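Data first, discussion second: the structure below is written as structure tokens.
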Amino acid sequence: MAYWLMKSEPDTFSLDDLRDRPNSTEHWDGVRNYQARNMMRDQMKLGDKVFFYHSSCPQPGIAGIAEVVREAYPDSSAQNPESRYFDPKASPENPRWFMVDVRFERKFERLLPLAALKAEPALGEMLLVQKGSRLSIMPVTPEEWRQIMTMAQ
DNA sequence: GCCAACGTTGGC
DNA sequence: GCCAACGTTGGC
């Protein structure tokens with residue numbers, strides 16, 4: 001089982017939104033970055049754990065935890081001209097973009113702010129805190145996961 | 001709103 | 001294949 005971090009703008013889709021969906025499950029559409037897509041498509045497995053990260057908001061940070069409940073399948077929003085994620089180069093033969101399904105697992109009592117992650121020396125190597133890191137989906141090492149879980153208590 | 005960092009596009 | 005121009009991300 002692997003660990004991940006996935007970013008979402010809470011104005012668009014927050015951890016609370018995920019919790020309130022039917023079965024607390026939603027498909028993670030709209031990923032339009034090849035590196036993120038490749039990780040999602042090739043490496044994300046059923047049962048993997050995900051830190052749900054809130055970005056581009058007053059309090060960026062990790063809000064809680066989700067779980068991968070369906071492995072990658074074509075992102076239908078890429079083929080929907082009405083969608084803001086529409087990609088004219090996507091087709092049924094070549095879907096180009098993929099998504100997974102994630103299910104709410106739990107919300108931290110307090111959001112763990114990015115500033116706290118940055119201030120923790122043990123997380124100095126974490127992708128998230130690297131300068132210029134913009135990946136919306138990134139791997140988290142077991143050590144980083146454990147460290148962050150400790151901080152979230 | 002600013003802007004640094006990064007990714008993508010397209011001309012050559 | 002290079003690289004300038006442009007668009008996006010995302011913290012602050």
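In what follows, chains carry the letters A, B, and so on, assigned in the order in which the sequence lines appear, proteins first and then strands, with residues in each chain numbered from 1. These numbers come from a predicted model, not from an experiment.
Crowding of A/N94 atom CG: a count of heavy atoms from other residues, nucleotides or ligands under 6.0 Å exceeding 12.
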Please list, one pair per line, the donor and acceptor atoms closer than 3.5 Å that link side chains of residues 145-153 of chain A to other protein atoms, with sequence neighbours excluded.
| from | atom 1 | to | atom 2 | distance (Å) |
| --- | --- | --- | --- | --- |
| A/T150 | OG1 | A/R146 | O | 2.9 |
| A/Q153 | NE2 | A/M149 | O | 2.6 |

Taking distance alone, no hydrogens or angles, what donor-acceptor pairs closer than 3.5 Å link side-chain atoms of residues 4-16 of chain A to residues at least two apart or in another chain?
| from | atom 1 | to | atom 2 | distance (Å) |
| --- | --- | --- | --- | --- |
| A/W4 | NE1 | A/D48 | OD2 | 2.9 |
| A/K7 | NZ | A/L135 | O | 3.1 |
| A/S8 | OG | A/F13 | O | 2.6 |
| A/S14 | OG | A/D16 | N | 3.3 |
| A/S14 | OG | A/D17 | N | 3.1 |
| A/S14 | OG | A/D17 | OD2 | 3.2 |
| A/D16 | OD1 | A/R19 | NH1 | 3.2 |
| A/D16 | OD1 | A/K107 | NZ | 3.1 |
| A/D16 | OD2 | A/K107 | NZ | 3.3 |

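With hydrogens and angles left out, the side-chain atoms of A/Y73 and A/R41 include no donor and acceptor closer than 3.5 Å.
With respect to the salt-bridge test (charged N to carboxylate O, under 4.0 angstrom), the residues A/D87 and A/R32 do not qualify.
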Where along nucleotides 3-12 of chain C does protein come under 4.0 Å, by heavy atom, of base (B) or sugar-phosphate alone (S), with - for untouched nucleotides? ----BBBBSS

